[in-house]
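This report concerns only the one structure given below.
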Amino acid sequence: MDTDSSDLFGPLLDKPVAAVVPVLVPLPVPGPYSYAVPEGLTVVPGSVVQVPVGPRQMIGVVWDGADDSTLDPKKLRPITLAFDCPPLSKEMRDFVDWVSAYTLSPPGFVARMAIRAPAALDPEPMVEGLRFVGGEPARLTPARTRVLDLAKEQEAPWTRSGLAHAAGVSLSVVDGLIKQGVFDTIFLPPPPVVARPDPDYTAPRIEGPQKGAAEEIVASVSAGGFAASLIDGVTGSGKTEVYFEAIAQALRQDKQVLILLPEIALTSSFLDRFEQRFGAKPAEWHSDLSPRIREKVWRGVVTGEVRVVAGARSALFLPFEDLGLIVIDEEHDPAYKQEDRVFYNARDMAVVRARIGDFPIVLVSATPSVESQVNGLSGRYTTVHLPTRFGDAALPDLHLVDMRRHPPERGGFLSPILLRGMKKALERGEQSLLFLNRRGYAPLTLCRVCGHRFQCPQCSSWLVEHRFRNQIQCHQCGYHEHTPEACPECGTFDHLVACGPGVERIAEEVEKHFPEARTIVMSSDLLGGVKRLRMELDAIAKGDVDIVIGTQLVAKGHNFPLMTLVGIVDADLGLSNGDPRAAERTFQLLSQVTGRAGRTGLKSHGLIQTFQPQHPVMQAIVSGDAGAFYEREIAEREKAILPPFGRLASLIVSADTRADAETHARGLRAAAPRVTGISVLGPAEAPLALVRGRHRFRLLVHGRRNSDMQAFLKAMMSAGPKVRGTVQIQLDIDPQSFL
DNA sequence: AGCACGCCGACT
DNA sequence: GTCGGCGTGCTC
């Protein structure tokens, strides 16, 4: 780019003195800012730089395109410095632009997700190493002899502390030898974070239907180019082994691989399985990595030293040097949705990344999302079915318990049938799992005298009693107080009554029936954090517990060999919470929970307590045939999204209180009169994700086509002064729009 | 996003 | 009379 100064100096300076480049900065602005490139600094699109913004310095990325700023080029501030790291590739930049446009989020925010390891932007310093030069020190002591023996034994360079430690001597002994010239110091590249996985470390453990499936997927990896496959296999059918073969193939072709997992599934057992197959662990990427490891992994990914990353959704934005395959395990899992700052579903954005990078992607689930199912049926994804369990594991025998015909005793929630099943399991020394997706003791407390209901003062949803902690809590905003002894309305003592069950209340009922059994409640309330959780899970796996009562925390990842009975306490819970995905989510959750049983060959059962035994979800669960269920869900989704408002979107408006939501909805109706599908939900009815956190209101937007959605949202936002403020939008779109 | 500036209620 | 609440505007 030319400037005035080059004309001024004419032949004296035939190279441009300065240039102006667009730089994406992490601000909520619609495009890049312009900066001057100081003399002597070379930047290209993708370069990671530091720039002044107001009084502060920020990390930004030099972006594509001519600078279209109307500002006076002489007044532009200069780039402070350029980091010594590879620039973001064109593919990565295209991906950032695409995600920004699709999610209606500022491009600088999206770009920031790719460079979220600031200290890693400059190369790691070389580490000091010791090289054995030879010769002997003037005086040979026993300690010095030990060091020398070791050094002669192993040629490879040592570190100072490593050598001292291995020889069992103090650092001063080694330092003495360095002084004597027996060792000299050299600089070595830092050791890699993880070893290189070997695609042929062990032979694949696949047989029967797995074999054909693996061949199909491996073929699409060999062929290269974009292709999306959906592996649809029941729990325990060997899905992991099948996609491991796709990974092996990508590694043989010298490509990097990304495995996305829902946060919670990033367990040591997955990493161990990977190591058994490939001889090395994958690099991990998730929110609670230490900064040190985080930098090393980021650097390794950028330079290509790290070949495989297993990570949570944020790993999708890692700037791989040469990514050649993405695997998305538990494809249906809602944890792939990010619902702050940039709203995105990592599963959908991963498909886009594969498309832009022109490489294959594999989606994996026992209970695919309706969107993926549609894409499979329409042929956009190649579906691979794995209908049977691997080896000797049999699927549990599932039965519905009609609660109208088999009511629990007064004040209880467990049917006689379920209690009988638990008793038998206990007698055989086997374990039972009772699943209820509700924390605490009771979801609602009321006063029997005046009818007062305990409501959150901040957000108007019911306060949930937690008896273990002697608190009543709001599950929406985190408000809590001591459980009161008297009604705050009428002052009456001892007439507060708990309504409905939570896991704590179920535990009470279990203890009444089986006082001798070893019982544990597993929920996110469990004190002691992740460490305690892991300990308890190990204890359960070892058989130290007879009865587990758990929320969805127990649905994932862990195998309990002695678990032969799964009881769903209230299968209908969650079917009527206002979420258009309620049925789908319930089906997925119940499949996952019942799948916990019978994974080691013991005969196992599932008892599903329901008031709606004819409901399609219940029928799909017990029959094991989800076909009809999906067909109905797809039809319902079409109905919900399309008519009666044609191609315009439908909106769900929610806020901290129902009254607030209604006020905002009025504003939205005025601004967008053509949208007839505005539904208003209070915090108690809305999907949890929709109302969590402090905000004025939040929209859940459903639409058929992304372009329509964008046009609609922009029109709506600019239409009326009544819809200004912190509008948070969750796009919820059929992914066919980007394929 | 952060940060400064600016205008109305309960307080040393 | 002030301290401080958060509404509004700006950053190349």
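Numbers restart at 1 for each chain; the letters A, B, ... are given by sequence-line order, proteins then strands.
For A/R532, the CZ atom is densely surrounded, since the number of other residues' heavy atoms within 6.0 Å is greater than 12.
As rounded to whole Å, 15 Å separates atom C1' of B/dA1 from atom CE of A/M113. Taking atom CE on A/M58 and atom P on B/dG2, their separation rounds to 8 Å, with Å as the unit. In this structure, CZ of A/F109 is placed 12 Å from C1' of C/dT11, rounded to the nearest angstrom. Put simply, CZ on A/R56 is 8 Å from C1' on C/dT11, counting in whole angstrom units. Straight-line distance from the NZ atom of A/K74 to the C1' atom of C/dC12: 17 Å, rounded to whole Å. If you measure from atom CD of A/Q57 to atom C1' of B/dA1, you get 16 Å, rounded to the nearest angstrom. To the nearest angstrom, C1' of C/dC12 lies 13 Å from NZ of A/K75. Between A/Q50 atom CD and C/dT11 atom P the separation is 20 Å, expressed in whole Å.
Using a 4.0 Å heavy-atom cutoff across all strands shown, A/P28 reaches at least one base atom of the nucleic acid. Looking at heavy-atom distances under 4.0 Å, A/P106 makes no contact with the nucleic acid at all. A/L76 comes within 4.0 angstrom of sugar-phosphate atoms only, judged by non-hydrogen atoms across all strands, and of no base.
When the ring-ring contact (aromatic ring centres under 6.0 Å, His included) test is applied to A/Y33, no partner is found at least two apart in sequence or on another chain.
Ring centroid separation for the pair A/H480 and A/H475 does not come in under the 6.0 Å cut-off.
Residue pairs meeting the side chain to side chain donor-acceptor pair (under 3.5 Å) criterion with at least one partner in residues 307-327 of chain A, sequence neighbours excluded, are A/K255-A/D322, A/W285-A/S314.
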